[in-house]
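Heads up, the thing below is written out as structure tokens.
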Amino acid sequence: MKKFLLSAFALTLAGSGFAAADQPAIVPVPQQVTSNGSKAITLTADSRISIPRSDKALRGAAELFSRQIAREANLALKVVEKPEGDIRLAIDPKLGEEAYQLNITKQGVDIRGGAPAGVFYGLQTLRQLLTQYGATLPEVTVEDAPSFGYRGAMLDCCRHFFSVDDVKTFIDMLALHKINRFHWHLTDDQGWRIEIHRYPELTRVGSQRAETVLGHNSPACDGIPYGGYYTQKQIREVVAYAAERFVTVVPEIEMPGHASAALTAYPWLGCAGEGYEVQPHWGVFPEVFCAGKDSTFEFMQNVLAEVIELFPSEYIHVGGDECPKDNWKICPNCQKRIRDEKLKDEHGLQSYFVLRMEKWLNEHGRHLIGWDEILEGGISKSATIMSWRGAKGGIAAARSGNKVIMTPNTHCYLDYYQTEQPLGNEPWGIGGYVSVEKAYSLDPYDQLTEAERPYILGVQGNIWTEYMASLAHVQHMVLPRIAALAEVGWAYDRRDINDFRRRMENLRKIYERCGYRYAPYFFEKPVAGE
Ligand code: TNX
């Protein structure tokens, strides 16, 4: 029944003369929003955005906002370094870096952020208000700061390849939702997508597959060669584009599993040393990096040396998921390593692999993230876990004092269907079912004590693209579910699904104005039993 009740918030507004529907509709919901509904100002073609003299980061944020508004609200706002503009941006070091305050009065719009990121988020809020009210804005006061520092989304560019322009659009979509991490899945069995100068075969051979499987788990393939990769120049361009939107790109280089593409390029990286192919099928494959040979580690370190030059991110993701141990069991080099290092078994060998890479990353000033499988043979205290097989791994990691990013498949897998199958009539997903409401209900602190909570860095939505060959399909899977996850990450303690529904109608207008495809189901009817 809950879904038919107005939220408490809406009820308090009834009778105030300012209808609930007119209340500011901002996603993710800010910490505090007040508005009495009276008219404050009208922005016109003569309106200006003021920035403090020669602040490069603020100028970037202001100009980006100006371009967004030109497209979405048909307002051309110039950026000036004079204080008398109508929208005034400033840094207030008393606020947290991503925190901001927004005041709309008859005197104009003031946005103060703890750092340029906070100002950028204030501008993104203003963007939503301009969509809601048009150029005539009511008096509004917003005070806002995020619940979690890590608010992420992962895009798998291996199963299907997405152009630089597609990736940029994806980053735009994240920034709109105040998401600040783009986890870029760059290597997998079906394609190696990042140029590494020292090992040119990785992309010459490893980025191309002969064909792609047809249908859902069918044995047949399409016979059409498929491939693509990002040059280092393009990667720098994407990293810079993301940084302008206050998004950090976290690259993922998979090891020791999901390695078919790398092994096809350099067969000496595998235990058998031959018989590899860039996979045309989806799934988990026994061809993994040999953990016995030192040459594997040398290769990996050389690859990561180029990776850390490209990505300023503190965190580097090394995968670690779904690594079958079959070949290690029969490989003399791997067995020798287990004996020499006095490891318990092949899980111990996986730990050895990951720890050795972590040591290297730490020596180079970076931190390691791995999927929750890296817990299996034991991990160091300094590794960060991305919990995907439910929250169990994340809970265990937090309890042992490791940092955690929650991305349980039960709530965060955006390759799952959004309606119940087989009744739904959706474009393809991989299976499963994660409604917007389900994503919205994620509690990253579930089962954790007060003392364990600080280990949870944040949340992330994952877009695995086995069944998504186009950006339009990705958008359908991502929107609006990423808005639900963004609200978990930004506004953990103040969620209300009914109020979210009201506010999403406004965000939906931005999706439309930006030409983003989105799934309609959430806007059509509430999910039964919610
Ligand atoms: C599991 S999540 C995987 C991916 C697949 C995904 C499909 C994870 C670390 N590994 O390789 O694409 O399931 O949902």
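Just follow the structure's listing: the first ligand is 1, and inside any ligand the first atom is 1.
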Passing option when W428 is tested against H473, H216, H476 for ring-ring contact (aromatic ring centres under 6.0 Å, His included): H216
side-chain contact (heavy atoms from CB on, under 4.5 Å) partners of H281, counting only residues at least two apart: V213, C221, Q279, F285
cation_pi(R356, F353) dist<6.0 Å, angle<=45: no
NZ or CZ of R508 within 45° of F523 ring axis and under 6.0 Å: yes
Interatomic spacing from NZ in K329 to SG in C334 - rounded to 0.5 Å: 12.0 Å
Any side-chain heavy-atom pair of L457 and T384 under 4.5 Å: yes
For ligand 1, run through the N/O pairs with the protein that fall under 3.5 Å and put one pair on each line.
from: ligand 1; atom 1: 10 (N); to: D321; atom 2: OD2; distance (Å): 2.9
from: ligand 1; atom 1: 10 (N); to: E322; atom 2: OE1; distance (Å): 3.3
from: ligand 1; atom 1: 11 (O); to: R159; atom 2: NH2; distance (Å): 3.0
from: ligand 1; atom 1: 11 (O); to: E322; atom 2: OE1; distance (Å): 3.4
from: ligand 1; atom 1: 12 (O); to: R159; atom 2: NH1; distance (Å): 2.8
from: ligand 1; atom 1: 12 (O); to: E466; atom 2: OE1; distance (Å): 3.4
from: ligand 1; atom 1: 12 (O); to: E466; atom 2: OE2; distance (Å): 2.6
from: ligand 1; atom 1: 14 (O); to: D415; atom 2: OD2; distance (Å): 2.7

